[in-house]
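Scroll down for the structure; my scribbles are underneath it.
Note that the coordinates shown come from a computational prediction; the quantities given were computed from them, not determined experimentally. The analysis underlying the following values was restricted to heavy atoms, covering all of them including side chains, and did not include hydrogens, waters or symmetry mates.
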Amino acid sequence: MTEGTTSTAAEGSDTLTRLEQEGEIAADYLEGLLDIADLDGDIDMDVEADRAAVSIISDSARELQKLVGRDGEVLEALQELTRLAVHRETGDRSRLMLDIAGFRAKKRTELAELGAKAAAEVKSTGEPVKLDPMTPFERKVVHDAVAAAGLRSESEGEEPQRFVVVLPA
């Protein structure tokens, strides 16, 4: 192994350790929140795409819907609060992703389909397609789906009305 390879491996290991630490801090914070709200749920931690991913799951997903809210609004707020709790402990900005009762996973699938459908329409017509306003998470999923279809996309507008435009090749 060369010195550069060893350094790169160490950096990757350090990053993984840091992300695992973020997940543990987030899990502790969320467990406290579940206790306060008197809700049952298990915490699952993972590292996905260079960010900590934490999920709250339960046999009674209906009970957790309170933590998701309408269109994921409460989930987004809880994610920000959890990121702040991690920041308070580590001093570093967190890109942690939170999912509750599979809401975000289901949303990711729907958005990937939307991105693929928009890309197919652009390929067919040769005209750009503008999508409805989305959150940063939603836009990222659509951008990834469009790129996978071999096209490009960009975000336009100002928050909270920022939206994706799928462009011809």
Side-chain angles (χ1 to χ4, degrees), residues 12 15-16 18-19 22-23 25-27 29-30 33 37 39 41 43-58 60-88 90 92-169:
T15 299
L16 183 61
R18 183 181 52 79
L19 294 175
E22 281 186 22
I25 294 167
Y29 176 78
L30 292 166
L33 180 77
L39 295 171
I43 309 291
D44 184 35
M45 296 180 298
D46 201 359
V47 174
E48 298 173 0
D50 292 334
R51 62 172 57 186
V54 179
S55 300
I56 301 175
I57 52 178
S58 174
S60 174
R62 180 175 215 175
E63 186 174 291
L64 292 179
Q65 288 305 313
K66 298 172 192 171
L67 297 178
V68 173
R70 190 180 85 233
D71 295 327
E73 290 173 339
V74 176
L75 170 59
E76 290 290 332
L78 287 173
Q79 177 173 277
E80 283 307 308
L81 289 171
T82 305
R83 286 177 175 176
L84 287 171
V86 170
H87 177 71
R88 186 184 67 225
T90 65
D92 295 326
R93 183 178 168 273
S94 174
R95 294 177 51 235
L96 175 131
M97 289 296 292
L98 175 63
D99 192 6
I100 299 174
F103 176 83
R104 213 178 276 279
K106 180 181 173 196
K107 189 79 167 173
R108 181 179 280 125
T109 300
E110 292 170 358
L111 290 165
E113 290 172 4
L114 175 67
K117 183 179 173 184
E121 182 179 335
V122 169
K123 284 179 180 179
S124 166
T125 65
E127 296 295 319
V129 171
K130 292 182 182 181
L131 301 175
D132 291 334
M134 298 177 190
T135 67
F137 160 76
E138 294 169 335
R139 291 192 309 270
K140 169 81 169 95
V141 173
V142 172
H143 286 306
D144 289 348
V146 170
L151 293 180
R152 63 186 187 88
S153 58
E154 50 190 48
S155 294
E156 294 183 4
E158 298 293 324
E159 296 291 353
Q161 296 300 313
R162 201 155 165 77
F163 59 94
V164 173
V165 179
V166 182
L167 302 164

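Checked for salt-bridge contact, Glu76 and Arg104 meet the test: a charged N lies under 4.0 Å from a carboxylate O.
The neighbour count for Arg152 CZ, taken as heavy atoms of other residues, nucleotides or ligands under 6.0 Å away, does not exceed 12. Within a 6.0 Å radius of CD in Glu159, more than 12 heavy atoms belonging to other residues, nucleotides or ligands are found. Residue Lys123 places its NZ atom among more than 12 non-hydrogen atoms of other residues, nucleotides or ligands, all under 6.0 Å distant.
Atoms CD1 and CG, on Ile100 and Leu30 in that order, are 7.0 Å from each other to the nearest 0.5 Å. Atom CG of residue Asp46 and atom CE of residue Met97 lie 13.0 Å apart, to the nearest 0.5 angstrom. For the atom pair Leu33 CG and Leu67 CG, the distance stands at 6.5 Å (nearest 0.5 Å). To the nearest 0.5 Å, the span separating CG on Leu131 from CD on Glu156 amounts to 11.0 Å. Between Ile25 atom CD1 and Met45 atom CE the span is 11.0 Å, to the nearest 0.5 Å. Atom CG of Leu111 sits about 13.0 Å away from atom NZ of Lys117, to the nearest 0.5 Å.
Of all heavy-atom pairs between Leu75 and Leu98, the closest is CD1-O, 3.6 Å. Closest heavy-atom contact between Gly41 and Ile56: CA-CG2, 4.3 Å. Closest of all the heavy-atom pairs between Gly115 and Ala145 is CA-CB, 4.1 Å. When all heavy atoms of Val54 and Leu96 are compared, the pair lying nearest together is CG2-CD1, 3.7 Å. When all heavy atoms are compared, the tightest approach of Met134 to Leu114 is CE-CD2, 3.7 Å. Smallest separation of non-hydrogen atoms from Val166 and Ser153: CA-CB, 4.1 Å.
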Quiz item: Could you walk me through whether Val74 and Lys66 pass the side-chain contact (heavy atoms from CB on, under 4.5 Å) check?
Solution: CA-CA 8 Å; Val74 176; Lys66 298 172 192 171; over 6 Å; no
Self-check item: Derivation and outcome, side-chain contact (heavy atoms from CB on, under 4.5 Å), residues Val86 and Tyr29
Solution: CA-CA 9 Å; Val86 170; Tyr29 176 78; over 6 Å; no
Quiz item: Going through the checks in order, is the side-chain contact (heavy atoms from CB on, under 4.5 Å) test met by Gln79 and Phe137?
Solution: CA-CA 12 Å; Gln79 177 173 277; Phe137 160 76; over 6 Å; no
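Qualifying side-chain hydrogen bond (donor to acceptor under 3.5 Å, both in side chains) partners for Arg108, counting only residues two or more places apart in sequence or in other chains: none. Scored by the side-chain hydrogen bond (donor to acceptor under 3.5 Å, both in side chains) test, Thr82 finds no partners at all (sequence neighbours excluded). Listed by chain and number, the residues in a side-chain hydrogen bond (donor to acceptor under 3.5 Å, both in side chains) with Asp71 amount to none (sequence neighbours excluded). With sequence neighbours excluded, the residues forming a side chain to side chain contact (heavy atoms under 4.5 Å, CB included) with Lys130 are Phe163, Val165, listed by chain and number. A search for side-chain hydrogen bond (donor to acceptor under 3.5 Å, both in side chains) contacts involving Arg18 returns Glu22, not counting sequence neighbours. Qualifying salt bridge (Lys or Arg N to Asp or Glu O under 4.0 Å) partners for Arg70, counting only residues two or more places apart in sequence or in other chains: Glu73.
For the pair Val141 and Glu138, the minimum side-chain heavy-atom distance is 4.5 Å or more.
Side-chain contact check for His87 and Ser94: no donor-acceptor pair (N or O, by modelled atom type) lies under 3.5 Å.
Judged purely by atom type and a 3.5 angstrom limit, Lys107 has no side-chain atom pairing as donor or acceptor with the backbone of Gly72. Side-chain N or O atoms of Thr90 include one that pairs as donor or acceptor with a backbone N or O of Asp92 at under 3.5 Å. For Asp99 (side chain) and Ala105 (main-chain N/O), a donor-acceptor pair under 3.5 Å exists by modelled atom type.
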